[in-house]
Amino acid sequence: MGRSFEAVFEAEFASLHRYLARRVGAGASDELAAEAFAVAFRNRDRLDPARPVRPWLYGIAANLMRHHWRKERRMLRAYARTGVDPILADEDAAAERADAHARHRELATALAELRKDDREILLLNAWAELTDAEIADALGLPIGTVKSRLSRTREKLRNQLGEIGQEAVETR
């Protein structure tokens with residue numbers, strides 16, 4: 001690890017915590033983020049100095065989250081039934097419109113129906129903003145596998161969600 005562990009913690013904790021909060025909820029994200037850094041600290045001598053730290057940390061976090069996937073799926077299904085995002089409910093309750101609730105429920109349902117490995121890759125890309133190469137490194141997969149799964153998953157969601165799965169893009 002080229003940088004000091006303190007510098008890595010300061011640079012990466014907030015984004016890793018945000019990603020975990022989106023995946024497992026605010027309460028579990030505190031524990032998982034702390035545990036990810038505890039594991040990283042205990043194993044810091046195992047990290048190849050030539051290897052980037054960020055994907056390694058997300059790989060540790062992904063391993064810690066594996067046993068939470070059932071809880072995540074139950075949470076997404078509850079969201080799909082109620083239309084209330086358990087992560088954003090307190091902050092955005094007043095701002096959410098009825099049609100937005102319906103779209104969020106559809107998205108949550110679609111995410112819950114994905115295979116856990118495909119959901120992992122999609123959410124590392126969408127919520128943690130990791131590149132294909134960083135995802136491959138974090139999950140120990142070939143980059144071609146990540147690219148094909150991500151492409152296939154996006155296409156599946158576009159087909160399933162129709163218009164709500166699309167973003168309007170202005171052209172000049």
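Not measured: the values here are computed from a predicted model. Along the sequence shown, residues carry numbers from 1.
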*When rounded to the nearest 0.5 angstrom, what distance separates CG in L20 from CG in L64?*
8.5 Å

_Side chain proximity check, N63 to V39, heavy atoms < 4.5 angstrom_ = no

_If the threshold is 4.0 Å, N to carboxylate O, is there a salt bridge linking E35 and R42?_
yes

*asked:* For a 4.5 angstrom cut-off between non-hydrogen side-chain atoms, does L16 reach F37?
replied: yes

*Are the side chains of L57 and V8 in touch, meaning some heavy atoms are under 4.5 Å apart?*
yes

*Supply the atom-to-atom distance I135 CD1 to E129 CD, rounded to the nearest 0.5 angstrom.*
11.0 Å

*asked:* Could you report the tightest heavy-atom contact between F13 and A34, atom names first, then the distance?
replied: CE1-N, 4.3 Å

*Are any non-hydrogen side-chain atoms of F5 and E10 less than 4.5 angstrom apart?*
no

*Verify, without hydrogens or angle tests, whether R22 (side chain) and W127 (backbone) share a donor-acceptor contact under 3.5 angstrom.*
no

*Rounded to the nearest 0.5 Å, what's the gap from NZ on K116 to CG on L123? Could you check?*
14.0 Å

*Which of these, V146, D132, T131, L130, sits in a side chain to side chain contact (heavy atoms under 4.5 Å, CB included) with N125?*
D132

*Between CG of L139 and CG of D117, what distance do you get to the nearest 0.5 Å?*
8.5 Å

_Measuring only between side-chain heavy atoms, which start at C-beta, is R152 closer than 4.5 Å to R149?_
yes

*List the steps and the verdict of side-chain contact (heavy atoms from CB on, under 4.5 Å) for R154 and R158.*
CA-CA 6 Å; R154 285 177 174 158; R158 272 193 302 272; 3.8 Å; yes

*Please say whether the positively charged group of R44, taken as NZ for Lys or CZ for Arg, lies over the ring of F41, i.e. under 6.0 angstrom from the six-membered ring centre and within 45 degrees of the axis.*
yes

*Determine, step by step, whether Y19 and M65 satisfy the side-chain contact (heavy atoms from CB on, under 4.5 Å) criterion, reporting the C-alpha distance in whole Å, the side-chain angles of both residues, the deciding distance to 0.1 Å, and the verdict.*
CA-CA 11 Å; Y19 172 73; M65 280 192 318; 4.0 Å; yes

*Quick one: does R54's side chain get under 4.5 Å of S15's, heavy atoms only?*
yes

*Check for a donor-acceptor pair, side chain of S148 on one end and backbone N or O of T145 on the other, with a separation under 3.5 Å.*
yes

*Do the charged groups of E120 and R23 touch, with an N to O distance under 4.0 Å?*
yes

*asked:* Within the 4.5 Å heavy-atom criterion, are L122 and D118 side-chain neighbours or not?
replied: no

*First locate atom CG of N43, then atom CD1 of I60, and finally report the distance between them rounded to the nearest 0.5 Å.*
6.5 Å

*Heavy-atom closest pair, residues E134 and P55*: O-CB, 3.5 Å

*Tell me, do Y58 and D137 make a side-chain contact under 4.5 Å, heavy atoms counted?*
no

